[in-house]
Each structure stands twice: as C-alpha cells, then as structure tokens.
Number of protein chains: 2
Amino acid sequence: MSLADVASLAGVSPGTVSRALSRPDMVQPDTRQRVREAAERLGYVANGAARALAMRRTATVGALIPRFGGSSFPSMVQALESTLAEHGYTLLLSAPDHARARDPALLRTLLERGVDAVALLGSDHPPAFHAMLAAHPRPCVRLWGAPDGPGPCVTFDEGAAIDAIVDHLAALGHRRLAFIGGRVADNERARWRRHGLLQAVARRGMTLADDAMIECDYGFREGHVAMQALLARRLPVTATLCGNDYLAAGALSALHAAGWEVPRRMSLAGFNDNDFAPFLQPPLTTVRVPIAEMGERAGLYLVDALAGRAPAAPALLAAGLVARGSTGEAPRG
Amino acid sequence: MSLADVASLAGVSPGTVSRALSRPDMVQPDTRQRVREAAERLGYVANGAARALAMRRTATVGALIPRFGGSSFPSMVQALESTLAEHGYTLLLSAPDHARARDPALLRTLLERGVDAVALLGSDHPPAFHAMLAAHPRPCVRLWGAPDGPGPCVTFDEGAAIDAIVDHLAALGHRRLAFIGGRVADNERARWRRHGLLQAVARRGMTLADDAMIECDYGFREGHVAMQALLARRLPVTATLCGNDYLAAGALSALHAAGWEVPRRMSLAGFNDNDFAPFLQPPLTTVRVPIAEMGERAGLYLVDALAGRAPAAPALLAAGLVARGSTGEAPRG
DNA sequence: TTGTACGCGTTATCAA
DNA sequence: TTGATAACGCGTACAA
C-alpha cells in the first residue's frame, strides 16, 4: 500500500498521486478526485519516514518531560500540544521516569526521530543535552526552567511571586514561617524559589529556620506527611508556605487531623499550580502560576522560529501574581 | 553529518559504519573503535527516518490520550512508557485537547509516523479508529476502557469495585446515596460504572435518585461545585460516592465549608485514582484503582505482541478492591 | 497538467 | 570481516 498502488488504481503516475494529496492545487480537479477515491478505497496512509527523508523535515516537535506524573506538567503539555497542533505540528513526548530523566539517550532518540524543534520542560537538564542541541541546531525552548539558563525559556518570575506572598503574610503580622516545597537537589527552579524565599523573608525581618523547611515531591500525600513532620517538631511557626496546591491541600488535611485550626493557629499559603486552592476549606491565599499560558507561549515561540520568523512571541517571563483566598492574622504576642 | 561522513573520517565504508554502530559484534574490534571515535567526534546522530524506511520498523509505540490533563492518565502513561523503554521502545504520545480527541487525523498521524503498535487510552474512541487499525494491522491495546469493546483491553472490574464500596456503605446502614462522577455522554467507562452502580444499589434495596447524581469532570474544583449543588437540593442523602479522589477531596471541602460534619452527617466514599483519599480528613473509604499496574501490563502486552510471542501478559481485567479509610454509620431513624 | 527519474540516509544482500 | 550495491517510499526538478 504505497503511492504506487494508489497510482495504478487511479491510472496515474506516483508523482501525480503525491501532488494530488499534498498539493491539490497543482493537479486537475478530476484527476484529483480519482486519486482521492483510490487512496480512500485503499485506506492509504503515507509513510512518514519516506516523507521525512525526502522533505528533510518532520513537522514534529519533541518534548522532554521529567516528573511527568507531577501536578502541573500535564496541563502545560496539553496547552503546548494544542498550540502546536493548530499550526500543523505534532508533539512528540518523551516522558521518562525519574531514574532516566537525565539520560542523554532520551534527547538522542528525539533527534533520531527527526524532531524539527525541541521543548525542554523543567530545570536542570544535563549539559550533555545542550551540547547535543548545539551540535544539531534547531529551535529549542525551555519551559518552567530558570531564566538564566542556556537559550530562551518561558517561565514566570519566582521572585515577584515570592515577594507577593511573603508581603501578604508579613502584613498580617506573621514573623516565623515554615516552607514545604520541591526537592532542591535536582531542580534549579526549586533552588531559585528557595533562594528568593530566604531573601524575601530576611528582607522583612522574618525568620525561616532550616528545620522549618521540608523538601518533598509535589503531591497531596507528600504535603500531608510533611506537615505532620513539621507539627512533630513543635516549632513556633505561624504560617506555612506550600510549593503548590497539592502540597497545601495535604498540609491542610494534616492540620485538620491534628486539630489545628486554620488559619487561627496556623496559616497556610502557597503557589497555585492547579487552581483549586481557592476551593479548600478555608480557601488559601495563593500566587497563581500561569501554567497553560506558558505552554501556549512556548508553542507560539517554536512555531515562529520554525517558520523562519523572528519569534514574535518571545520567551519572556510571565509573572503570576494574583493573590486571593484568605490567610489569617498571626496571633498577637 | 551522515553515515558517509563518519565513514570517510574513519576510513571505512558506510556499510561498515552502520554495522559498527548497530551491530558491533559483526565488526572487528579495532575498526569498531575507529568508527566509534569518528562518530563521537562528529556528534553523529542517526537519521531515524532513513532507518525506519530501510528497516520497516520504528521501535515506537503510539498512544492516543484524550483527557490528558486528567487525574490518572499521567501516572498510567508514565508506567506505560517505563515498561516500553525497558524493552527498547519509544512511546509516542498524542495528547489532543478535548475538541480534537475523536479526530481521525490523530490516529492517522501516528500511523504516518510509523508506530509499530498503538495504545488507546480511555473509552469511546470513534469507530473510524478501529477501522483504520483494521486496515493497518499492528498490535493494539486499549487501556482504561470497556472490556467488551474491540480488541484487547487492560482495565479493571468496575462491577466488583462498585459492589465492594456499596456493600461497605450498606453494612453501615446507609440507604440513600448520591453520586458524583464523570460525564456519561462521552465515556463508555463512566456509563459502565454508572450502570453497575445502579444495579448494586437496586440489589440492596438502596436508592439513588436521578437528581442525586451529578456528572462532571474529574477534578477537585468540580467535586467542590458538585457537592455544593447537591447540598442546595436538600436531598435526604446520607452518603455520597465520588468517582475519584479529586472529586472526593473537592466534595469534602464543600462539606466543610457548609459546616456539615463528615462522616456523621454525610459519609463520603469513592474510587481512589491517586492514592491520597486515605490522607484526607477524615480519611475516606475508597476502592483503589490499579493505575500504574494497568500501564505496565499494557506495555508488557505490546512488547510481547511486537516480539511475535503470544502475549504472555494478557490484557485481562485486574480488579482493584482494597477498601480502607473510614466511613461513618448512617444516622438512625 | 502530468510523467520520469533522481535523491534523501540507512539497512541488508551479496561478493570479495 | 569488509566493500559495493540495491532497495525502502516519497517529494520534486525537469522534461514532455
């Protein structure tokens, strides 16, 4: 079942079939019709490998996605894929488990498959990745990474977000904070956030003790366990910042379980990856992170770059700031 | 940068380079070494399109994933990808947004890219998909679908799960239930669950009124809103079943917000897609759904089929039954 | 407007 | 063990 088969059935040459299907305007209407019917009847599906070989392009963008099971990446990926699809590109995902996330073979596989462009999600892709991309130049964009890394990156301003939420807590009289966030070891972004947090806290004369910071994965259960650990340490903390709303929801449930009133005895606040923090009870004050927007802008950037246009949608920082929900005042004295 | 370049640098023929890289044992150690060094120095990356064209295979499995942003698919996909990767296959994802989920062009793109096998996630893929797959035969497995659909399907027994949870509620004295679940219109599986639920309820002389059933997407926010709607209807319900733990968590927060005590005034129970229902406050009784196991078994099935083995890991129903957490007794009288 | 023929980069067959 | 050569299926100059 190849072009040749369709051609003989339609009584034309293979070249004509190719044109009739890929560039209909180059062929006479009746021929086009005959070819289409023949292709339809045979259930013809083009061989993408041959096409890619001949055209030297694949209309495909590869995405490398560590921590795929996490909370926010799926929405970002879906936004990216939608945007690319609108412009005729297919998104090719590589979603390795954690152990393989930094394996150079991953990117190599994408390149071998001939992706026209690459999206790197998350932080701390190994130097080998960037070396390979330098050796095989093509449009590339990072998402949800650190802005000072190599190449363009669609991300948002952690510093501004941190400032907004810490300001909010400071205004309510909180002085001693705790923090439940992502692992710092393998995540440049988490380091960035942590650094910004420490700065913001220091700037306002607040404290955030080392043993009041817990690193864990971004999940409901993890937040629950982390808050249990914090409570067991009996720290004089009045507010806890959570890295995303799953962590916040888990922490909230741990507080409920321990009989701590929120926000009277402990305030919770955090970063809102999934838009449900306002629905928690009590609703939490959060900084909204523009997840889907990041996927969309990254897609537009790549589309422009692939089209040879100067990327009209530059990979700029989008700061997400909207605080909402409620946070309690710190107890007096 | 092609085989030929590597060949001339190494002073051998292109064929030898191909062998040295793909089947090292077929070439003399010193030649192999020279070739490898040349390839390394040039940063050679094979052209997958050419390889696919010559070998007539791609070592790639395509997955079609509607509702990608949903709660459980990412974990299932990651398990699938890990399993396939262990056996040398790359997973090629197509994650369309809802509007495009049933577009035949999706599957066509996968086929054009030459996937050796296909995984269909979720239910209700259009007949056109199965027609195309019949016309282009290759291993195919459905995940999280209805077992009586076309071809093999890795799924679990909704009926048994429903029975377990309804039994539990019945034993606690509940008679009037509500249900918050997925949309029935576009989801064979949700229909299956709903049907099983109605059967189970009827069998035990319980009631589940039409206006006590709410269809919505599987999310925290959706569960919250749904429970608010249920409360507004002032139905004489003592327990609410939730389609997954996001819905349950959302429903729980709505109950908290309304000042309803759980489980004294309203019991919650449901299906646990994400393993955090036991961490809610109070912990909910749930039926655990074996998400990752499904991804893994589907992967093994495809690997076997691709290797020409009779699929040693048949796509059978895996029933997930473990109830845990706590549910309150129904109020007397 | 359509047919012909070549090239894309790799693997596989066959001879050396 | 290695080199030469013929596919693989499609796009596209170029010729008709």
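Side chains included, hydrogens not; waters and symmetry mates left out as well; all remaining heavy atoms used.
Ring-plane geometry between B/W144 and B/F73 is classed as perpendicular, the angle between the planes exceeding 60 degrees on a 0 to 90 degree scale with a lower cut at 30.
Within the 4.0 angstrom heavy-atom criterion, base atoms lie near A/S18. Within the 4.0 angstrom heavy-atom criterion, only backbone atoms of the sugar-phosphate kind lie near B/R23; the bases stay farther away. Within 4.0 Å (heavy atoms only), B/L3 reaches at least one base atom of the nucleic acid. Across all strands, B/A49 comes closer than 4.0 Å to no nucleic acid atom at all (heavy-atom distances).
The nearest pair of heavy atoms linking B/L121 to B/P66 is O-CD, 3.2 Å.
Residue A/S2 places none of its side-chain N or O atoms closer than 4.0 Å to OP1 or OP2 of D/dG9.
A donor-acceptor contact under 3.5 Å links the side chain of B/R19 to the base of D/dG3.
Neither side chain, B/T58 nor B/R51, offers a donor N or O lying under 3.5 Å from an acceptor on the other. A donor and an acceptor atom, one from each side chain of A/S82 and B/D97, are located under 3.5 Å apart.
Distances were taken from every side-chain heavy atom of A/L53 (C-beta onward) to each of C/dT2, D/dC10, C/dG9; the shortest belongs to C/dG9. For A/T16, counting side-chain heavy atoms from C-beta on, the closest listed nucleotide (D/dC8, D/dC10, C/dG3) is C/dG3. Comparing D/dT2, D/dG11, C/dG9 by their nearest atom to the side chain of B/Q28 picks out D/dT2.
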